[in-house]
Chemist: 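Just passing along the structure, written as structure tokens.
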Amino acid sequence: QVQLVESGGGSVQAGGSLRLACSASRYTDYRYYCLGWFRQVPGQEREGVAAIRQNDITNVADSVKGRFTISADNTKNTLYLQMNSLKPEDTAMYYCAAQLGRFCQTSIGAVPSYMYKGPGTQVTVSS
């Protein structure tokens with residue numbers, strides 16, 4: 001079992017930055033795992049944003065490439081999403097997610113289907 005809790009969301013003006021954090025209990029107990037972020041706007045489908053596999057493979061969606069960075073600190077059991085140059089279209093509820101197992105996928109489309117998910121944190125970007 002992996003429990004996830006996000007923090008760091010808030011309201012920011014376009015062009016600003018936020019860093020989301022996700023406290024992810026026990027994922028380091030497992031040899032193989034993938035961690036990621038996805039977002040969702042009410043009435044729309046979940047959108048994968050970024051993924052990381054055992055701190056050696058990362059992937060980010062084309063829509064955020066060059067602006068968002070995913071990282072993890074295994075000493076703190078924490079996943080991060082650094083978001084720079086935010087745009088109004090980045091407004092959404094952001095969720096962290098985890099998938100265990102040797103064959104977990106870091107493709108962006110797989111992230112919303114990861115087994116474990118947090119309750120989410122709201123990000124609002126105003127123009």
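Bear in mind that the values here come from a model prediction, so they are computed numbers and not experimental data.
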Chemist: If you count heavy atoms of other groups shown closer than 6.0 angstrom to CD of Gln3, is the number above 12?
Modeler: no
Chemist: Would a distance-only check, ignoring hydrogens and angles, find a side-chain to backbone donor-acceptor pair under 3.5 Å from Gln40 to Glu45?
Modeler: no
Chemist: Would you compute the distance between atom CG of Leu100 and atom CD of Gln1 and round it to the nearest 0.5 angstrom?
Modeler: 9.0 Å
Chemist: Is Glu6 reaching over with its side chain to a backbone N or O of Cys22, donor-acceptor style, under 3.5 angstrom?
Modeler: no
Chemist: Side-chain contact test, heavy atoms from C-beta onward, threshold under 4.5 Å: evaluate it for Tyr32 versus Gln54 and give yes or no.
Modeler: yes
Chemist: Could you see if Val12 belongs to whatever hydrophobic cluster contains Val64? Use Ile, Leu, Val, Met, Phe, Trp, Tyr and a side-chain cutoff under 4.5 Å.
Modeler: yes
Chemist: What is the minimum heavy-atom distance between Glu47 and Pro112, and which atoms define it?
Modeler: C-CG, 4.3 Å
Chemist: Is Tyr95 reachable from Leu18 through a run of I, L, V, M, F, W or Y residues, each pair having side-chain heavy atoms under 4.5 Å apart?
Modeler: no
Chemist: Nearest 0.5 Å, please: how far is OH in Tyr94 from OG in Ser7?
Modeler: 15.0 Å
Chemist: Locate the shortest heavy-atom distance separating Arg53 from Arg102; write the atom from each residue and the value.
Modeler: NH2-O, 2.7 Å
Chemist: Measure from the side-chain N and O atoms of Gln99 to the backbone N and O of Met115, and report whether any donor-acceptor pair falls under 3.5 Å.
Modeler: yes
Chemist: Could you walk me through whether Arg39 and Leu81 pass the side-chain contact (heavy atoms from CB on, under 4.5 Å) check?
Modeler: CA-CA 12 Å; Arg39 62 190 182 186; Leu81 185 69; over 6 Å; no
Chemist: Under a 3.5 Å cutoff, is there a donor and acceptor pairing between the side chains of Thr28 and Asn77?
Modeler: yes
Chemist: Restricting to non-hydrogen atoms, name the atom on Leu35 and the atom on Ile70 that form the minimum distance, rounded to 0.1 Å.
Modeler: O-CD1, 4.0 Å
Chemist: Could you walk me through whether Asp90 and Lys87 pass the salt bridge (Lys or Arg N to Asp or Glu O under 4.0 Å) test, one step at a time?
Modeler: CA-CA 5 Å; Asp90 295 318; Lys87 303 176 181 180; over 6 Å; no
Chemist: Starting at OG of Ser85, measure out to CZ of Phe68 and round the result to the nearest 0.5 Å.
Modeler: 9.0 Å
Chemist: With a 4.5 Å cut-off on side-chain heavy-atom distances among I, L, V, M, F, W and Y, is there a chain of contacts connecting Phe38 to Leu20?
Modeler: no
Chemist: Is the side chain of Tyr114 donor-acceptor paired with the backbone N or O of Gln105 at a distance under 3.5 Å, no angle test?
Modeler: yes
Chemist: Please report the interatomic distance CD(Gln13) to CG(Leu86), rounded to the nearest 0.5 Å.
Modeler: 11.5 Å
Chemist: Taking Val5 as the starting point, is it possible to reach Ile52 by hopping between hydrophobic residues whose side chains are less than 4.5 Å apart?
Modeler: no
Chemist: Between Ala24 and Leu4, which heavy-atom pair has the shortest distance, and what is it?
Modeler: CB-CD2, 3.3 Å
Chemist: Might you point out which heavy atoms bring Ala14 and Ser127 nearest each other, and give the distance in Å?
Modeler: CB-CA, 4.3 Å
Chemist: Mind checking whether Gln122 and Thr91 have side chains closer than 4.5 Å, heavy atoms only?
Modeler: yes
Chemist: Let me confirm one number: the OG1-CE distance from Thr69 to Met83, rounded to the nearest 0.5 Å.
Modeler: 11.0 Å
Chemist: Using only atom types and a distance under 3.5 Å, with no angle test, would you say the side chain of Trp37 pairs donor to acceptor with the backbone of Val111?
Modeler: no
Chemist: Should we say atom NZ of Lys76 is surrounded by more than 12 heavy atoms from elsewhere, each under 6.0 Å from it?
Modeler: no
Chemist: I'd like to know if Ile108 and Leu79 are part of one continuous hydrophobic network [Ile/Leu/Val/Met/Phe/Trp/Tyr, side-chain heavy atoms within less than 4.5 Å].
Modeler: no
Chemist: Taking the inter-plane angle between the rings of Tyr33 and Tyr27 on a 0 to 90° scale, is it parallel (under 30°), tilted (30 to 60°) or perpendicular (over 60°)?
Modeler: perpendicular
Chemist: For the residue pair Thr106 and Cys34, what are the closest heavy atoms and their distance?
Modeler: CG2-SG, 3.9 Å
